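Please read the structure below before turning to the comments.
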There are 2 protein chains.
Amino acid sequence: MTVCGRNNKCRSGSSCIHGRMEKFMEPSILLFLWGQRSHGYELMEKLKTLGFEGSSADMATLYRTLRNLEEDGMVVSTWEEGSQGPPKRVYELTENGEALLHNWARAIQVQRARLDRFLALYEQRRQST
Amino acid sequence: MTVCGRNNKCRSGSSCIHGRMEKFMEPSILLFLWGQRSHGYELMEKLKTLGFEGSSADMATLYRTLRNLEEDGMVVSTWEEGSQGPPKRVYELTENGEALLHNWARAIQVQRARLDRFLALYEQRRQST
DNA sequence: TATTACTATATGCATAGCGCATATATACAC
DNA sequence: GTGTATATATGCGCTATGCATATAGTAATA
């Protein structure tokens with residue numbers, strides 16, 4: 001039996017624990033862009049506080065998600081050539097993007113309730129053993 | 001913008017909210033089989049209390065997950081031809097399956113913590129508006 | 001007896017999301 | 001000039017899963 005988190009090599013069978021929330025990076029990005037413009041690399045630092053690791057897989061998902069969000073009009077970007085480092089693509093939230101964030105928040109509350117229910121049943125059954 | 005739950009036709013773009021836990025049905029099955037043998041169709045009734053819908057998609061995932069779990073030695077099945085209805089394939093948890101459940105429970109606690117953190121940041125930022 | 005509905009298990013097809021590797025380029029320290 | 005941090009981006013391939021469909025036993029009911 002293999003227990004794995006993110007960024008692992010475990011690919012086979014059902015005895016591999018992933019347990020990640022699908023597309024969770026999208027609402028996380030929207031949250032950190034809410035009232036605070038930022039660029040990809042900087043966003044990853046903030047995303048680490050939500051359990052992301054900054055791995056190459058995470059970076060790939062990050063930049064892809066930002067592109068998709070812009071394609072859908074949820075964020076807009078502008079290139080900014082600062083004094084130091086390579087040029088940054090700075091994103092900010094649109095009105096639609098904020099609305100999407102609020103909808104995500106409701107969806108995440110629902111998901112948390114499911115996990116709560118699972119863990120409650122689990123603990124309940126564990127104590128009756 | 002499209003907000004969708006499970007079992008929707010939303011396939012494109014990032015403005016579609018899924019927000020589900022990957023492979024969540026696997027630990028759910030293990031939980032309900034813990035000390036209580038059961039078959040697929042009956043398990044689905046119990047899974048509904050964890051937010052599953054019993055849709056054709058859910059049924060497909062259910063039977064596939066059961067097969068995978070058996071292939072990995074996490075459950076064992078026996079055909080039982082009862083007095084009524086078609087024969088049922090009754091599953092029970094193995095020792096490895098129980099160990100897997102415990103590992104899943106820890107993983108789900110971690111995921112719940114991530115959702116908690118997201119929602120805390122979200123509420124915090126919402127109140128400062 | 002035909003029809004319908006419920007119980008029960010199973011599989012094929014298509015695709016979204018993502019892990020992993022890799023490419024590219026700037027700036028700065030040593 | 002070599003290494004490291006910053007910064008963005010994409011190709012490949014696989015897993016999980018949504019959706020549709022197949023199959024069949026039992027039972028009620030028209």
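Just so we're on the same page: letters track the sequence lines, and every chain starts at 1. Bear in mind the structure is a predicted one, so any value in this text is a computation, not a measurement.
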* **NZ or CZ of B/Arg89 within 45° of B/Tyr41 ring axis and under 6.0 Å** =>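 No, cation not above the ring by the 6.0 Å, 45° rule.
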Specify the separation, in whole Å, of atom [atom1] of [X] and atom [atom2] of [N].
X	N	atom1	atom2	answer
B/Leu62	D/dA16	CG	P	16 Å
B/Ile29	D/dT17	CD1	P	10 Å
B/Met21	C/dC18	CE	C1'	16 Å
B/Glu26	D/dA16	CD	P	9 Å
A/Glu80	C/dT26	CD	C1'	16 Å
A/Asp58	C/dT22	CG	P	18 Å
A/Leu66	D/dA7	CG	C1'	12 Å

* **A/Ser77 side chain to A/Glu70 side chain, donor-acceptor N/O pair below 3.5 angstrom** =>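 Result is yes, a qualifying pair exists.
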* Do the ring centers of A/His39 and A/Trp79 come within less than 6.0 Å of each other? ->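 Between A/Trp79 and A/His39, which both carry aromatic rings, the centre distance is not below 6.0 Å.
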* Asked: How about B/Trp104 and A/Tyr122: are their ring centres within less than 6.0 Å of each other?
  ->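 No; A/Tyr122 has its ring centre 6.0 Å or more from that of B/Trp104.
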* Structure fact -> Scoring nucleotides 8-13 of chain C by protein non-hydrogen atoms under 4.0 Å (B base, S sugar-phosphate only, - none) yields BBBBBB
* Output the distance between atom CZ (B/Phe24) and atom OG1 (B/Thr61), rounded to the nearest 0.5 Å. =>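 So the gap between those two atoms works out to 13.5 Å.
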* Same apolar cluster: B/Leu62 and B/Val90, side chain cutoff 4.5 Å ->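 No.
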